[in-house]
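Notes for the one structure printed next.
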Number of protein chains: 2
Amino acid sequence: MAEKPMATIDQMLCFAVYSAGHAFTRFYKPRLEALGLTYPQYLVFLVLWERDDISVKTLGERLFLDSGTITPLIKRLEARGLVTRRRDEDDERQVRIRLTAEGKALKAKAESVPLAAMKGTGLSDEAADALRHELLALRERLDVAL
Amino acid sequence: MAEKPMATIDQMLCFAVYSAGHAFTRFYKPRLEALGLTYPQYLVFLVLWERDDISVKTLGERLFLDSGTITPLIKRLEARGLVTRRRDEDDERQVRIRLTAEGKALKAKAESVPLAAMKGTGLSDEAADALRHELLALRERLDVAL
DNA sequence: TAAAATTATATTGCACGCAATTTAATTGTG
DNA sequence: CACAATTAAATTGCGTGCAATATAATTTTA
């Protein structure tokens with residue numbers, strides 16, 4: 001009896017996503033070194049530069065991460081003087097995260113990063129957009145499916 | 001003077017890849033629970049089921065992971081009796097990883113996983129293939145770019 | 001062939017990522 | 001209002017990922 005043909009990892013979409021994600025992280029690493037940021041930390045700043053003074057929960061929803069990941073990450077940024085953490089006065093359950101002057105100043109230093117990343121992908125704006133939309137739809141369906 | 005328009009994370013391809021990767025891992029988790037495997041461990045078995053008795057290096061090249069990740073992962077699998085580790089007789093630098101009977105037996109239990117994953121993506125075989133190829137090409141270009 | 005360079009793996013240290021649990025604050029309900 | 005349920009963060013524990021370093025084996029080369 002013939003064995004069922006086994007899918008190799010190279011034929012699996014999940015592995016393509018998984019390894020492309022790692023490749024992105026590796027790609028960003030030297031580009032973020034001047035900022036002293038890891039890739040997840042950089043994502044946090046992208047959110048905060050866009051909208052400052054948000055709660056841990058809001059940040060988590062934006063990044064699809066939970067407090068178990070975000071709390072220690074933010075504490076490291078706080079220890080370096082890049083953000084502050086303060087309990088919300090109206091709802092003491094919430095902790096609001098704010099950029100310090102130094103945290104805001106990082107934005108200028110990070111200006112060249114997105115363009116470098118786009119060049120690294122070797123994709124046109126249109127191709128990158130198309131791929132991005134497919135991945136967002138994929139994430140959505142995976143989330144719904146559980 | 002107007003501020004330069006800042007890219008939000010939702011407009012960035014890297015974040016789409018990053019979050020889709022996490023979504024996949026979350027999706028797999030309950031499906032792999034019966035096997036007692038994490039997602040990276042499952043990837044290791046996919047490689048070993050395809051070709052048994054390979055070195056740490058070969059496995060690492062296949063998964064784009066280094067010994068710092070693979071060695072402890074394999075040791076956990078070894079501790080559970082799913083694989084063995086043995087120095088290659090011809091080249092004592094190498095450590096060859098082999099499936100135990102129990103490790104081989106897992107393959108049957110894992111049979112339903114790939115189909116469930118495909119269904120979770122909501123994609124046709126063709127659409128998944130197309131997306132996969134784009135991601136493989138992307139990974140390749142990111143690796144080349146550094 | 002002895003010394004230098006390279007290669008394969010392991011180890012250490014640090015930063016995620018997430019499940020499970022805990023604590024404290026707020027909201028909902030009788 | 002009291003008390004249960006919910007919510008927001010933090011904490012704990014475990015498993016990745018990866019840089020940097022260490023160690024041992026092999027290969028290169030002077």
Earlier contact from the 5' end, DNA chain D, for Pro72(A) and Asp88(B): Pro72(A)
Check every atom of dG17(C), dT9(C), dC18(D) against the side chain of Ser55(B) and return the nucleotide holding the closest atom. dT9(C)
What's Thr25(B) touching, base or sugar-phosphate or nothing? Going by heavy atoms closer than 4.0 Å. nothing
Please state whether the rings of Tyr42(B) and Tyr28(B) are parallel, tilted or perpendicular, taking 30° and 60° as the class boundaries. tilted
Phe24(B) CZ to dT16(D) C1', straight-line distance once rounded to whole Å: 19 Å
Nearest to side-chain heavy atoms of Thr38(A), which nucleotide of dA10(D), dA15(C), dT9(C): dA15(C)
Compare every heavy atom of Phe27(B) with every heavy atom of Ala117(B), then report the nearest pair and how far apart it is. CA-CE2, 3.5 Å
Closest to the Gln94(A) side chain, choosing from dA10(C), dA9(D), dG17(C): dA9(D)
Separation of atom NE2 in His22(A) from atom C1' in dG17(C), rounded to whole Å: 11 Å
To the nearest 0.5 angstrom, please state how far the CG atom of Leu59(A) sits from the CD1 atom of Ile74(A). 5.5 Å
Whole Å only: how far is the CZ atom of Arg93(B) from the C1' atom of dA5(C)? 12 Å
Kindly say if Lys75(A) contacts the phosphate of dT11(D), meaning a side-chain N or O under 4.0 Å from OP1 or OP2. yes
Taking atom C1' of dG17(C) as reference, at what distance in whole Å does atom CD1 of Ile74(A) sit? 15 Å
Once you apply a heavy-atom cut-off of 4.0 Å, does Arg85(B) come out as touching a base, just sugar-phosphate, or nothing? sugar-phosphate
Could you tell me whether the phosphate oxygens of dG17(C), OP1 or OP2, come under 4.0 Å of any side-chain nitrogen or oxygen in Tyr18(B)? yes
How close or far is atom C1' of dC14(C) from atom NZ of Lys29(A), stated in whole angstroms? 10 Å
Between dA19(C), dT9(C), dC16(C), which nucleotide gets closest to the side-chain atoms of Gln41(A)? dC16(C)
Taken to the nearest whole Å, NZ/Lys57(A) to C1'/dT7(D) is 8 Å
Closest to the Ser67(B) side chain, choosing from dT11(D), dA9(D), dA10(C): dA10(C)
Judged by nearest nucleotide, the residue sitting upstream toward the 5' end of DNA chain C, Glu92(A) or Gly68(A), is Gly68(A)
Look at all strands and tell whether Asp91(B) reaches a base, only sugar-phosphate, or nothing, counting heavy atoms closer than 4.0 Å. sugar-phosphate
From CD1 of Ile70(A) over to P of dT11(D), roughly how many Å is that when rounded to an integer? 15 Å
Please determine, for the side chain of Pro40(B), which listed nucleotide (dA10(D), dT16(D), dT11(C)) has the closest atom? dT16(D)
Do you know which two heavy atoms are closest between Ala16(B) and Arg132(A), and how far apart they sit? CB-CG, 3.8 Å
Lys119(A) NZ to Arg141(B) CZ distance, which is reported to the nearest 0.5 Å: 14.0 Å
Which nucleotide in dC18(C), dT7(D), dT16(D) has an atom nearest any side-chain atom of Arg76(B): dT16(D)
Within this structure, what is the CG-to-P distance between Leu59(B) and dT9(C), rounded to whole angstrom? 10 Å
Here the pair of heavy atoms bringing Ile70(A) nearest to Gly60(A) is CD1-CA, 3.1 Å
So which nucleotide from dA10(D), dT11(C), dC18(C) ends up closest to the side chain of Thr71(B)? dT11(C)
Classify Asp90(B) by what it touches in the nucleic acid, base, sugar-phosphate, or nothing, heavy-atom distance under 4.0 Å. sugar-phosphate
